[in-house]
Protein chains: 2
Amino acid sequence: MDATVALPRSNPLILRLRYGADLDAGDRAMLADLSRGRRTLEPQQDIVRAGDRAAGVHLVLEGYAFRYKLINDGQRQILGLLLPGDFCDLQSIVLGPSDHYIAALTACTVADIPQERVDALVFRDSRLARALWWATLVDESILREWLASMGQRSADKRIAHLFCELLLRQQLVGAAGERECPLPLTQPMLADILGITTIHVSRILRDLRLAGLIQLKDRRLLVPDVARLRAFCDFDPTYLHLVRMPDLGAAEDVVRIGP
Amino acid sequence: MDATVALPRSNPLILRLRYGADLDAGDRAMLADLSRGRRTLEPQQDIVRAGDRAAGVHLVLEGYAFRYKLINDGQRQILGLLLPGDFCDLQSIVLGPSDHYIAALTACTVADIPQERVDALVFRDSRLARALWWATLVDESILREWLASMGQRSADKRIAHLFCELLLRQQLVGAAGERECPLPLTQPMLADILGITTIHVSRILRDLRLAGLIQLKDRRLLVPDVARLRAFCDFDPTYLHLVRMPDLGAAEDVVRIGP
DNA sequence: CGTGTTTTTGAAAATAGTCAAGGATAGTGG
DNA sequence: CCACTATCCTTGACTATTTTCAAAAACACG
């Protein structure tokens, strides 16, 4: 990491919450302050284990993490991907012991935020509380879209939809270009996201490549024609709730998110 | 709060929130007060439409409702079932326009709660805010379990798991016996919950019946041996978060929830 | 350079979907 | 009370999708 301290400008949490509420400089300072106690994790290292009674909350600052559950005899379902600016387990302060695992997907840095500091934000300051609540509700909304995808979309559209989502979500925190982004997911992991086998993932990715919809190289995804991929899988970003609510103030610094 | 006044004992919201926080009589009175302006809905009638900018929030008091999304050319994925005591759209106060539909499943009565009253609870009173937040987080937890079920469980275990969940959730609000409960879901609806076809649902229900795991009659589910059904589908109710957190006070009136 | 994981492919088997049709059920209006 | 309609439920035969099993090629890393 480079020597000149972490700038609020590039703080992924602040970037993420822009759509959740109209934060002033003081709010942003408080959020930036949450990112202080950072820690680096190896890929595959657990951040939260099912049953853990958390002493605090974790915030992803760099890299990817993911939620998962283990069903039956060790089958893994990945329940969500956590990008920079995403809280891992904000729910634990209210819900108690986690019902699922969270692990680093890539090498990543997370902030460990002590319980009291979160309590102070969530239960006392209503504007920041609202912003944080917004973030967890967007997570829930993504979960609903994944469930709908799993139930109703064919496997190829399911992958395409996931790629559209990841491209967009990474753009939001400045981690992606217009048409390409990091994609540190192996095929076994994609399989555990999509609920299909690794072998099937391989075949479908080949088909998408042959159809000219995507290119994969060096753990990066390139989408030659974003509009075409979106049309293919019927991608509608409404569920990411990136439109600021009118009564929350002027949207001075809203980022453009698409074509 | 004295015993003569309106039914806090049978108020489904109060029953539901027992696990979310330790509410005193005043809290319970406020919650009971939310159930005042009630309205009756026909089956299939929409409560919330995707895109709606809600003027308030809806709470199910009697009957079932359900969330759903429409994908592509009208395929429906059911995203959750709402039982008495469940909020339909608490998220809308923070998230803005809904990204999905909510409709009555059976005839049901809902309370329409104006925005300001919810704001007053959610953003000012921290104990009730916590209880309400807990409820939305349990919803999210159920959603995660459904996603895991969809991705990793075979169709027969998926149905069995859903039945275990419904039996238990209805017991929590006093709507079910030890081994049986209402099941107002048609097979086409089950299909849209489970992401399989109606025909397949029919065949699997027959198999479960033949295996002696369930009985269906008059829109009711009877489970002859709950432990056996739970074992069959690996049902673990942890995800419903029915264990009161230790630091929230004594669990004087916690209900037993299974063997 | 070897070792382990990831990716790819082929062929067989299992699971789930499609098409078609008949029976059951509930509600409607005569 | 009965026909009439619509939806729901069930079954059979066929098809498509996805998994399983097996094996080899590509790649990453110490």
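Quick note on labels: first sequence line is chain A, next is B, and so on, each numbered from 1. Note that the structure is predicted; figures quoted are calculated from it, not measured.
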Listed pairs, N/O of protein and of nucleotides 10-17 of chain D, under 3.5 Å:
| unit_1 | atom_1 | unit_2 | atom_2 | d |
| --- | --- | --- | --- | --- |
| D:dT10 | OP1 | B:Arg209 | NH2 | 3.1 |
| D:dT10 | OP2 | B:Gln187 | NE2 | 2.6 |
| D:dT10 | OP2 | B:Ser202 | OG | 3.3 |
| D:dG12 | N7 | B:Arg203 | NH1 | 3.4 |
| D:dA13 | N6 | B:Arg203 | NH2 | 3.4 |

Using a cut-off of under 3.5 Å, enumerate the N/O to N/O pairs linking the protein to nucleotides 25-30 of chain D.
none

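For A:Ala160, the side-chain contact (heavy atoms from CB on, under 4.5 Å) partners at least two apart in sequence or on another chain are A:Leu229, A:Phe232, A:Cys233. When the side-chain hydrogen bond (donor to acceptor under 3.5 Å, both in side chains) test is applied to A:Ser154, the partners found at least two apart in sequence or on another chain are A:Asp156. Shown here are the side-chain hydrogen bond (donor to acceptor under 3.5 Å, both in side chains) partners of A:Asp46, two or more places apart in sequence or in another chain: A:Arg49, A:Tyr68. Listed by chain and residue number, nothing satisfies the side-chain hydrogen bond (donor to acceptor under 3.5 Å, both in side chains) test with B:Asp139 (two or more places apart in sequence, or in another chain). Among residues two or more places apart in sequence or in another chain, the side-chain hydrogen bond (donor to acceptor under 3.5 Å, both in side chains) test is passed with B:Ser35 by B:Asn11.
A donor-acceptor contact shorter than 3.5 Å is absent between the side chain of B:Arg179 and the backbone of B:Leu222. Between the side chain of B:Gln171 and the backbone N or O of B:Glu178 there is at least one donor-acceptor pair closer than 3.5 Å. The backbone N or O of A:His58 lies less than 3.5 Å from a partner atom in the side chain of A:Asp89, making a donor-acceptor pair. The closest donor-acceptor contact from the side chain of A:Ser92 to the backbone of A:Ser98 lies at 3.5 Å or more, if one exists at all.
As rounded to whole Å, 13 Å separates atom P of D:dT7 from atom CE of B:Met189. Here the C1' atom of nucleotide D:dT7 and the CG atom of B:Leu190 are 15 Å apart, to the nearest Å. Rounded to a whole Å, the CD1 atom of B:Ile159 is 14 Å from the C1' atom of D:dC9. Atom CD1 in A:Ile204 sits roughly 6 Å away from atom P in D:dT18 (whole-Å rounding).
Direction change of the helix axis from one end of the helix from C:dC1-D:dG30 to C:dG22-D:dC9 to the other is 50°, with five pairs defining each end axis (rounded to 10°).
Taking every nucleotide of DNA chain C with any atom under 4.0 Å from a non-hydrogen atom of chain B, the first and last of them, 5' to 3', are C:dA16 to C:dA20.
Contacts classified as side-chain hydrogen bond (donor to acceptor under 3.5 Å, both in side chains) and involving residues 211-225 of chain A (residues at least two apart or in different chains) are given here: A:Glu180-A:Arg220. Among residue pairs with one or both ends in residues 100-109 of chain B, those qualifying as side-chain hydrogen bond (donor to acceptor under 3.5 Å, both in side chains) are A:Arg144-B:His100, B:Arg67-B:His100; sequence neighbours excluded.
Looking at A:Ile71 and B:His161, their side chains never come closer than 4.5 Å, going by heavy atoms from C-beta outward.
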Would you give me the side-chain donor-acceptor pairs under 3.5 Å for residues 185-195 of chain B, sequence neighbours excluded?
| unit_1 | atom_1 | unit_2 | atom_2 | d |
| --- | --- | --- | --- | --- |
| B:Thr186 | OG1 | B:Met189 | N | 3.4 |
| B:Asp192 | OD2 | B:Arg76 | NE | 2.8 |
| B:Asp192 | OD2 | B:Arg76 | NH2 | 3.0 |

